[in-house]
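Data first, discussion second: the structure below is written as structure tokens.
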Number of protein chains: 2
Amino acid sequence: MQSNELIKGTLTTIILSLLKENQRMYGYDITRAVKEKTQGKILLKEGSLYPALHKLQAEGLIESEEEMLGKRVRIYYKLTKTGKSRTKTQIQELLTFLDTIQELILNERPLAHG
Amino acid sequence: MQSNELIKGTLTTIILSLLKENQRMYGYDITRAVKEKTQGKILLKEGSLYPALHKLQAEGLIESEEEMLGKRVRIYYKLTKTGKSRTKTQIQELLTFLDTIQELILNERPLAHG
DNA sequence: GATATATACATAGGATTTCTATGTATCATT
DNA sequence: AATGATACATAGAAATCCTATGTATATATC
């Protein structure tokens, strides 16, 4: 996902989350959306994105639809019913996780030692 | 780090952050601290923690000091000077990253299509 | 017309991270 | 005597994302 190797594990949820709002997106589209929405702080790589999309499709969370632009193929993805419900829980889990880490990092104070 | 594979990449910063506040901790201690501070939501595994500690030491970010309790060894770790400075930047990077993801997930709204 | 860049997909193999499983050993509790 | 908590350790597996590479069309620039 880029520079700081913090990310692993969030990519799937990011994709699902974007598809939740935009209904229909293709790979390159997702790359751009993430770049813009994060002011370039997160840059998806094609080598991460496409395999992730294929995996989500294999798991039945998203489905694809091909479209031609002149001679070029564009593959749109959208959430399946299962995907929609899964998206909700994954977003919730991610947000909880982010809060947990934030609390752990910020709320530091020396432990009572036993 | 447990159940949800969200985590990868944050472990090091968590360890450094705990050492920043507590000056001196040993492995088992860190496991317990994380468990308590996150209400059991994050459970470090020994198979993750010890190698991580060894790596941090090899990188010169922490240093160790052995202590005997009866016949048992306890290995305390504390931040080196380099480690202290690195801790600050890593915490800052992690917090920025958490914000970025949170914004990306929460601040969704359909893209203007171009 | 040639060249560079953006668009649009894809995959193999590598690097990194954390986990599972396993091992050793002491100490406290039942 | 047995169990569980404390305390360390490592090998190998599993998962994730990246680098590098490849193909091809469309657009902008020189």
Side-chain angles (χ1 to χ4, degrees), chain A residues 1-16 24-36 41-59 62 64-77 90 94 97 101 111 113-114, chain B residues 1-16 24-36 41-59 62 64-77 90 94 97 101 111 113-114:
Chain A
M1 219 176 211
Q2 199 223 155
S3 47
N4 50 356
E5 303 301 327
L6 283 171
I7 326 262
K8 319 226 167 176
T10 61
L11 175 55
T12 292
T13 309
I14 287 170
I15 294 173
L16 292 175
R24 208 171 98 100
M25 296 180 92
Y26 56 96
Y28 201 80
D29 215 9
I30 294 174
T31 311
R32 255 185 330 213
V34 170
K35 185 180 174 186
E36 280 169 26
K41 288 197 281 284
I42 296 178
L43 301 173
L44 296 194
K45 300 303 162 51
E46 295 171 295
S48 317
L49 178 62
Y50 291 115
L53 287 170
H54 300 160
K55 199 188 170 200
L56 285 170
Q57 185 166 26
E59 291 170 350
I62 63 178
S64 68
E65 192 178 16
E66 292 194 5
E67 234 170 72
M68 299 304 293
L69 296 95
K71 292 182 179 178
R72 217 159 22 168
V73 179
R74 193 182 268 179
I75 304 176
Y76 281 94
Y77 292 94
Q90 277 207 206
L94 177 53
F97 172 72
I101 298 288
L111 299 163
H113 45 101
Chain B
M1 218 177 214
Q2 198 222 153
S3 49
N4 51 358
E5 303 301 327
L6 283 171
I7 326 261
K8 320 225 167 177
T10 61
L11 175 55
T12 293
T13 309
I14 287 170
I15 294 172
L16 292 175
R24 210 171 96 101
M25 295 180 92
Y26 56 96
Y28 201 80
D29 216 9
I30 293 174
T31 311
R32 256 186 328 213
V34 170
K35 185 180 174 185
E36 280 169 26
K41 288 198 280 284
I42 296 177
L43 301 173
L44 296 194
K45 300 304 161 52
E46 295 171 296
S48 316
L49 178 63
Y50 292 114
L53 287 170
H54 299 162
K55 198 186 170 203
L56 285 170
Q57 184 166 26
E59 290 168 353
I62 63 178
S64 67
E65 190 178 16
E66 291 194 7
E67 233 169 73
M68 299 305 292
L69 297 94
K71 292 181 177 178
R72 221 165 12 175
V73 178
R74 192 182 268 179
I75 305 176
Y76 281 94
Y77 293 94
Q90 278 208 204
L94 177 53
F97 172 72
I101 298 288
L111 299 163
H113 46 102

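A note on names: the letters A, B, ... follow the listed sequences, proteins ahead of strands, and every chain is numbered from 1. Every value quoted in this text rests on a predicted model; they were computed, and no experiment measured them. Heavy-atom basis, side chains included; hydrogens, waters and symmetry copies ignored.
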Mind calculating the distance between CD (E59(A)) and C1' (dA15(D)) to the nearest angstrom?
-> 12 Å
Protein-nucleotide distance (I75(B), atom CD1; dT24(C), atom C1'), rounded to Å | 14 Å
Flag the pair I30(A) / L53(A) as yes when at least one side-chain heavy-atom distance between them is below 4.5 Å, and no otherwise.
-> yes
Closer to the 5' end of DNA chain D via nearest nucleotide, is it P51(B) or Y26(B)?
-> Y26(B)
Sequence neighbours left out, what passes salt bridge (Lys or Arg N to Asp or Glu O under 4.0 Å) with K35(B)? Give chain and number order.
-> none
All N/O pairs under 3.5 Å across the protein-nucleotides 13-15 of chain C interface:
none

To the nearest Å, give me how far apart OH (Y76(B)) and C1' (dT6(D)) are.
-> 12 Å
Establish, with yes or no, whether the OP1 or OP2 oxygen of dA5(D) is under 4.0 angstrom from a side-chain nitrogen or oxygen of R32(B).
-> no
Phosphate contact (dC27(C) OP1 or OP2) by K71(B) side-chain N/O below 4.0 Å = no
L53(B) atom CG is separated from dT10(D) atom C1', nearest whole Å, by 14 Å
Would Q57(B) and S64(B) count as a side-chain hydrogen bond (donor to acceptor under 3.5 Å, both in side chains) if you check the C-alpha gap in whole Å, the side-chain angles of each, and the deciding distance to 0.1 Å?
-> CA-CA 8 Å; Q57(B) 184 166 26; S64(B) 67; 2.8 Å; yes
Over how many whole Å does the gap from D29(A) atom CG to dA8(C) atom C1' extend?
-> 11 Å
Considering residues at least two apart in sequence or located in another chain, which fulfil the salt bridge (Lys or Arg N to Asp or Glu O under 4.0 Å) criterion with E65(A)?
-> R24(A)
Measure from NZ on K35(A) to P on dT7(C) and round the result to the nearest Å.
-> 9 Å
Let me know the distance between CD of E46(A) and P of dA24(D), rounded to the nearest Å.
-> 16 Å
Between atom OH in Y28(B) and atom C1' in dT24(C), what is the gap in whole Å?
-> 15 Å
Y50(B) vs dC8(D): side-chain N/O to OP1/OP2 distance below 4.0 Å = yes
Within the structure, does a side-chain N or O atom of H54(B) lie under 4.0 Å from either OP1 or OP2 of dT10(D)?
-> yes
Result for 5'-nearest mapping on DNA chain D, choosing between R72(B) and Y77(B), is R72(B)
Tell me, do E67(A) and V73(A) make a side-chain contact under 4.5 Å, heavy atoms counted?
-> no
Are any of K55(B)'s side-chain N or O atoms less than 4.0 Å away from OP1 or OP2 of dT16(C)?
-> no
Taking the side chain as every heavy atom from C-beta outward, state whether I101(A) and I42(B) have any atom pair closer than 4.5 Å.
-> yes
Non-hydrogen atoms of L49(B) and G27(B) that approach each other most closely | CD2-O, 3.1 Å
